[in-house]
Amino acid sequence: MERFWEDLRWRGLIHQATDEGRLVELLGSRQSMYVGFDPTADSLHVGSLLGLTMLRRFQAAGHRPIALVGGATGMIGDPSGKSDERNLLSMDALRANIEGMQAQMGRFLDFDDHSGAVLVNNHDWMRDVTYLDFLRDVGKNFPVNVMLAKESVRSRLERDDAGISYTEFSYMLLQAFDFVRLFDRYGCRIQCGGSDQWGNITAGIDLARRMRQTQLFGATWPLLTRSDGAKMGKTESGTVWLSARRTSAYRFFQYWYNIADEDAGHCLRRLTDLPRDEIESLDAARQADPAARASQRRLAENLTRLVHGDEGLDLALAATRIFFGEEISDLRDDALLSIFADVPSRAVPRERLASGVLTIVDALVEAGLASSKGEARRAVEQGGGYVNNRRIESIDRVLDLSDLAGESVIVLRRGKKNYGLLRFE
RNA sequence: GGGGGGUUUCCCGAGCGGUCAAAGGGGUCAGACUGUAAAUCUGAUGGCAAUGCCUUCGCAGGUUCGAAUCCUGCACCCCCCA
């Protein structure tokens, strides 16, 4: 079992751990380990990936992973790492979010397997606890002076402009209580989380010592950051989600494919389950020939397959070839429409195409790729107009039925990456 | 309350009776280059049935063959003196 821990260390996944010697010893037998997830949206995102893959690694090593969805704590809001008081979510929104997240976790964890991954919602045990019971049983064990010393609370108290509500202040107690309950129910002795969770994790360990006279353990991974300072999993256009509905497999693939060279090694180690020797040879290849981007490709393929399956990866690869120049022909409409799922499309009567009156200039405007005919004309004259990825040579070009890329779709493009679809119905 | 300055095309900013759809810069968009990076270079940048026509220079009138440019009134902004 030391090998397992050694691997986690090598991957850079261990930031802090309580009583590491005994923890490693404990891992010599089958254990349960839990990671909590905030139900702040109806989909998990790249930020959740680390926790999911951590659970996965434990399952692969023969332990039982427990994914805890914070149905109760989500109603409160974790102040850790947050500079401002958070808005509370409605019950309905929470329920929808939890359902969405549960649906995605099956990709990462085997819930049927003998090592039985478990999904729990802390609302299930919190909803029946009365306020008075909670204060007597749990609150009694929390010295306020210790709570005030925790980083998550202190940083907020030191601000003149933010402060912290009693509600958020209490968050730590709920998460601590979760740990005790999971110990009671599953014998779970280990909790992992991002380094911002250290305070909450140790709070649970303290509580278990007082309430159950038992020793629990915790470990944190360092928060995944990008070398340029930007947050991992964010782009100019927003969060990178794990749900294909929110972020297409193609865009997900592209996010990883475009990771900076300096970040690629970290991501391979922390997020993929590729073996050490392969990662090290990718490191060497990246040094020798960065332009080949072998690391980024491997990373993108590995994660896209994990999150979107083989089908999703195939789709992303097909879309990548097309978005980077490959001519489009002989494709079916459904393939085109899923590849271009993120691209705006416009329906046009089929007669206009058949009767040979649809000029390329009109088509570009119709597809929303130019805001005026003048702009469309300019684009074509400068060589920036494409039909099915083939450059338009003449401003007099007229579209007809032979230009269809699928049964009823023509793909127009302006410049490098602005696509627009016309559907002829 | 008195005096002065300003309001220009996406932004900044020239223009001070015709040659102004309006210099220059930024941004944006294309093209080349490139590792789907950054930088760089080139071109474009009000609309349209387009050797022309229409709309645009705070708003409304006026002078003139002709106004972003001159005059009058109005609105908003800035500065100075009370």
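Naming convention: chains lettered A, B, ... in sequence-line order (proteins, then strands); numbering from 1 in each chain.
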Looking only at atom [atom1], what distance separates [N] and [M], rounded to whole Å?
{"N": "rA22(B)", "M": "rU72(B)", "atom1": "P", "value": "30 Å"}
{"N": "rG3(B)", "M": "rU19(B)", "atom1": "P", "value": "37 Å"}
{"N": "rA38(B)", "M": "rG43(B)", "atom1": "P", "value": "22 Å"}
{"N": "rA37(B)", "M": "rA14(B)", "atom1": "C1'", "value": "37 Å"}
{"N": "rC65(B)", "M": "rC16(B)", "atom1": "P", "value": "23 Å"}
{"N": "rU56(B)", "M": "rU7(B)", "atom1": "C1'", "value": "15 Å"}
{"N": "rG47(B)", "M": "rA23(B)", "atom1": "P", "value": "15 Å"}
{"N": "rG26(B)", "M": "rC77(B)", "atom1": "C1'", "value": "24 Å"}

Quiz prompt | First encountered from the 5' end of RNA chain B, between Arg297(A) and Gly415(A) | solution = Gly415(A)
Gap between atoms [atom1] and [atom2], on [X] and [N] respectively (whole Å):
{"X": "Leu299(A)", "N": "rU36(B)", "atom1": "CG", "atom2": "C1'", "result": "15 Å"}
{"X": "Glu326(A)", "N": "rU36(B)", "atom1": "CD", "atom2": "P", "result": "15 Å"}
{"X": "Asn418(A)", "N": "rU36(B)", "atom1": "CG", "atom2": "P", "result": "18 Å"}
{"X": "Lys373(A)", "N": "rC29(B)", "atom1": "NZ", "atom2": "P", "result": "24 Å"}
{"X": "Asn258(A)", "N": "rG35(B)", "atom1": "CG", "atom2": "P", "result": "14 Å"}
{"X": "Asp289(A)", "N": "rA37(B)", "atom1": "CG", "atom2": "C1'", "result": "15 Å"}
{"X": "Lys417(A)", "N": "rA30(B)", "atom1": "NZ", "atom2": "P", "result": "10 Å"}
{"X": "Phe253(A)", "N": "rU36(B)", "atom1": "CZ", "atom2": "P", "result": "13 Å"}

Could you tell me which nucleotide pairs with [N] by Watson-Crick or G-U wobble geometry, both distances under 3.5 Å, or answer none if nothing does?
{"N": "rG58(B)", "answer": "rC74(B)"}
{"N": "rU36(B)", "answer": "none"}
{"N": "rU45(B)", "answer": "rG27(B)"}
{"N": "rA68(B)", "answer": "none"}
{"N": "rA22(B)", "answer": "none"}

Exercise. Could you tell me whether Phe323(A) contacts a base, only the sugar-phosphate backbone, or nothing, with contacts defined as non-hydrogen atoms closer than 4.0 Å?
Key: nothing
Quiz item: Heavy atoms under 4.0 Å, any strand shown: does Gln254(A) hit a base, just sugar-phosphate, or nothing?
Solution: base
Taking the six-membered ring for Trp, is the centroid-to-centroid distance between [X] and [Y] below 6.0 Å?
{"X": "Trp241(A)", "Y": "His45(A)", "result": "yes"}
{"X": "Phe323(A)", "Y": "Phe340(A)", "result": "yes"}
{"X": "Tyr34(A)", "Y": "Tyr186(A)", "result": "no"}

Quiz item: Any side-chain N or O of Tyr386(A) less than 4.0 Å from the OP1 or OP2 oxygen of rG31(B)?
Solution: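 It does, given that an N or O in the side chain of Tyr386(A) lies less than 4.0 Å from OP1 or OP2 of rG31(B).
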Quiz item: Do Asn389(A) and Arg413(A) meet the criterion of a side-chain donor-acceptor pair at a distance under 3.5 Å?
Solution: yes
Practice problem: Using a strict 4.0 Å threshold on nitrogen-to-oxygen distance, state whether Arg352(A) and Glu366(A) make a salt bridge. | Solution: yes
Quiz item: Is a donor-acceptor contact shorter than 3.5 angstrom present between the side chain of Glu375(A) and the base of rU45(B)?
Solution: no
Quiz item: Donor-acceptor pair under 3.5 Å: do we get one between Gln382(A)'s side chain and the base of rG43(B)?
Solution: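 Side chain to base: pair found, below 3.5 Å.
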Quiz item: Between the side chain of Ser338(A) and the main-chain N/O of Ala335(A), is any donor-acceptor distance below 3.5 Å?
Solution: yes
Choosing from [options], which nucleotide comes nearest the side chain of [X]?
{"X": "Lys416(A)", "options": "rC33(B), rU36(B), rC29(B)", "result": "rC33(B)"}
{"X": "Ser372(A)", "options": "rC48(B), rU36(B), rG35(B)", "result": "rC48(B)"}
{"X": "Arg293(A)", "options": "rG35(B), rA50(B), rC29(B)", "result": "rG35(B)"}
{"X": "Arg378(A)", "options": "rU36(B), rU45(B), rG35(B)", "result": "rU45(B)"}
{"X": "Arg391(A)", "options": "rG35(B), rA30(B), rG31(B)", "result": "rG31(B)"}
{"X": "Tyr257(A)", "options": "rU36(B), rC29(B), rG31(B)", "result": "rU36(B)"}

Quiz item: Within 45° of the six-membered ring axis of Phe424(A) and under 6.0 Å from that ring's centre, is NZ or CZ of Arg350(A) located there?
Solution: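 Judged by the rule, Arg350(A) and Phe424(A) form no cation-pi pair.
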